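Throughout, a chain's letter reflects where its sequence line sits, starting with A, and its residues are numbered from 1. On a predicted model such as this, the values are computed, not experimentally measured, just so you know.
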2 protein chains.
Amino acid sequence: MATTPRRPSMADVASRAGVSYQTVSRVLNEPDVVRPATRSRVLEAISALGYTPNRAARALKTTRSSLIGMLTDGSALFGPAETTTAIETAARDAGYSVVLTTVGADDAGCREIGAELLSSGADGVLVVAAHEGMVPAVAAVARSTPVVAVSAQAPRVPGVEVVGVDQRLGAHQVVEHLVRTGARSVVHASGPQDWFDARARLDGFEQALEEHGLDGAVVGPGDWTPLAGYEMTSALIKDGLPDAIFAANDMMAIGVLHALHEHRLRVPEDVAVVGFDNMLGAEFLVPSLTTVSQPFADLGRLALQRLLCLLEGRELPAGTPRTLPPRLVVRRSTRPERTH
Amino acid sequence: MATTPRRPSMADVASRAGVSYQTVSRVLNEPDVVRPATRSRVLEAISALGYTPNRAARALKTTRSSLIGMLTDGSALFGPAETTTAIETAARDAGYSVVLTTVGADDAGCREIGAELLSSGADGVLVVAAHEGMVPAVAAVARSTPVVAVSAQAPRVPGVEVVGVDQRLGAHQVVEHLVRTGARSVVHASGPQDWFDARARLDGFEQALEEHGLDGAVVGPGDWTPLAGYEMTSALIKDGLPDAIFAANDMMAIGVLHALHEHRLRVPEDVAVVGFDNMLGAEFLVPSLTTVSQPFADLGRLALQRLLCLLEGRELPAGTPRTLPPRLVVRRSTRPERTH
DNA sequence: CGCCCGAATGATAACGTTCACATTGAAGCA
DNA sequence: TGCTTCAATGTGAACGTTATCATTCGGGCG
């Protein structure tokens, strides 16, 4: 009774079932090779003792930790959170655990973060809300571990695969919708340009603008927050408003709407407003926000699938996309499209 | 050249530095006991080889994994996300990594989730958005591992410590503010009652109602989403509105505001609205939302600190709170308080 | 000068698995 | 019957650490 209640090991299970520890190992790893009778005896012993395999020992022996590192931004943004959850669930289904690592605003300890992620023994790493600040950490990791980034475009790090939503396409869809609803001038309230997604949205915006010969301008960059959208819009109101404002994300759009409301400007009659992300609640803003829906959860699953292929040396199923399409969701913050 | 590029081990470092691997171990774990000259020689070898300790081996030997399990809800809610980040950062500072485990809506695999968390070898577990659905998993874990829950009240699981924001107090503050601003009747659009926080807010609401002799009712329960708030409010509009609506969280408040706006009802003149959480953007809703701010980040750090004490057998610093106070943030969705 | 002591380092064993190979036993076949 | 063969299980070693004990080497002191 005085002995420390050590977690049961294979040896304990083995002696209870009257077999050797190797047989127990086999029951766990290649069940069909052991005779049904012994197998069930072992299984019974396992559940009776509440045995769980010691992952440290397994990792030591196999040099594979069954851990996936997830590098993500510290801000509590909607999209990343959803992607994160999808990744974790899919990883668990595949027999992996996810170790979370957030990188804050400061680049300071960033290379160090990479080293820590590495030493945590992750078999592979997923980068979720990719921005410049992560590049040092990613570069440090990528030399010795497969990395898949969820991002609009490859962080300029060799050996990093990329899976993402086509942000440029999304921006195009926004501009085209605005054109169809009569806007002649559009301002993009841009996001932080060290984020790859923000840059791609801006690129797509400028390109679409040119294609349609629209008047347009870019203000910002903002930092994804409502306050940024609010301040940019307040400035615009002073300097002259366009027909429409395209915010880099829904949070900034909230600030845009607020500023307009504050000045008794009507949306969409005076100014149309579009966001990006289709976050929870976008539909219930005042007015209901036209925005671009991103398949965050699918994205997470796709990224994980890619990483698993890298890890296990499998080929990707043919036809697996590298890029997912966004979807424009038209609501009340833009003028209705003419239906012929 | 044909040999697999194995990660360097202590033995490699040792032979390069001309010492035994035990000395390398000592340099890492108790540096002062080794002579400065040899120590620097070893350190030089470490950095030259890019050696990082093998955590699996260490974990196997010490029976401590330096892993903290974080059990959290799958929904992409704002509060949990912020708490999560704070925990991860604090954990990393303390030399721990965080393995993330989300539990979805289905209770099905829930006990199993506990077992997996356990077998992942976490030294301790933090429960972040506690609700009934987690109880089986938590119970499974708690028998063999320290658990701290971030929650309004103890999930009824023995041996689980609790750290939380005083939700009842928050609800009290809301009701009192509403009373001071002239409301005579308040409806609480309640949250999912299997969440401990939602239950506590409801309790606090009812208690405060009684104390102040107010008219009141509870509608719901909702599921934290804007849609829920919207539907409850739509029903209220048909059946008769109170002076104020207290939504269980800000997301639901968004739906409440939307429904009111849709019926041309003015906030706060016709109905005052209050939320809970002070999520990013609450300030910029239309109108700016009065709500209860929760110190999500502090909460995460506090929970981690408590868990570390449990893990390392330390006493908590005297005066460390078990409960953090919320803070009422008065904005424009409620009538202004009279200033004498 | 011989002894002992402490500081610095080395050697050995163990943690709980999995891998590679050895052993057992029963069945198949001439 | 005696041999081979294959299925089922057991044995020994190793993964990279840390814990424990053993060894070495100067120097202080009687």
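Checked by atom type and distance alone, the side chain of B/T85 pairs as donor or acceptor with a backbone atom of A/G74 at under 3.5 Å. At distances below 3.5 Å, at least one donor-acceptor pair connects side-chain atoms of B/E88 with backbone N or O atoms of A/T102. Panel note: side chain A/D123, backbone A/I68; no donor-acceptor pair is recorded below 3.5 Å.
For residues 54-68 of chain B, no pair satisfies salt bridge (Lys or Arg N to Asp or Glu O under 4.0 Å), with sequence neighbours left out.
The line from CG of A/L43 to OG1 of A/T38 is 9.5 Å long, rounded to the nearest 0.5 Å. Rounding to the nearest 0.5 Å places CG of A/L126 at 12.0 Å from OH of A/Y96.
Nucleic acid contact class of A/T23 (heavy atoms, under 4.0 Å, all strands): sugar-phosphate only.
A/R322 is linked by a salt bridge (Lys or Arg N to Asp or Glu O under 4.0 Å) to A/E161, counting only residues two or more places apart in sequence or in another chain.
Running 5' to 3' along DNA chain C, contacts with non-hydrogen atoms of chain A at under 4.0 Å begin and end at C/dG16 to C/dA20.
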Given the rule in the side-chain contact (heavy atoms from CB on, under 4.5 Å) test, do B/V135 and B/F196 qualify, once you have shown the distances and angles that lead to the verdict?
CA-CA 11 Å; B/V135 169; B/F196 298 100; 4.2 Å; yes
Start with the C-alpha distance between B/W195 and B/E132, add both sets of side-chain angles, then the distance that settles side-chain contact (heavy atoms from CB on, under 4.5 Å), and finish with yes or no.
CA-CA 6 Å; B/W195 286 62; B/E132 292 286 355; over 6 Å; no
Can you give one letter per nucleotide of nucleotides 15-24 of chain D, 5' to 3': B if a protein heavy atom sits under 4.0 Å from the base, S if only from the sugar-phosphate, - if neither?
BBBBBB----
List the atom pairs, donor and acceptor, that lie under 3.5 Å between side-chain atoms in residues 20-27 of chain A and the rest of the protein, sequence neighbours left out.
| residue | atom | partner | partner atom | Å |
| --- | --- | --- | --- | --- |
| A/S20 | OG | A/Q22 | N | 3.4 |
| A/S25 | OG | A/N29 | ND2 | 3.4 |

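Of the residues in residues 39-50 of chain B, none has a non-hydrogen atom less than 4.0 angstrom from any atom of DNA chain D.
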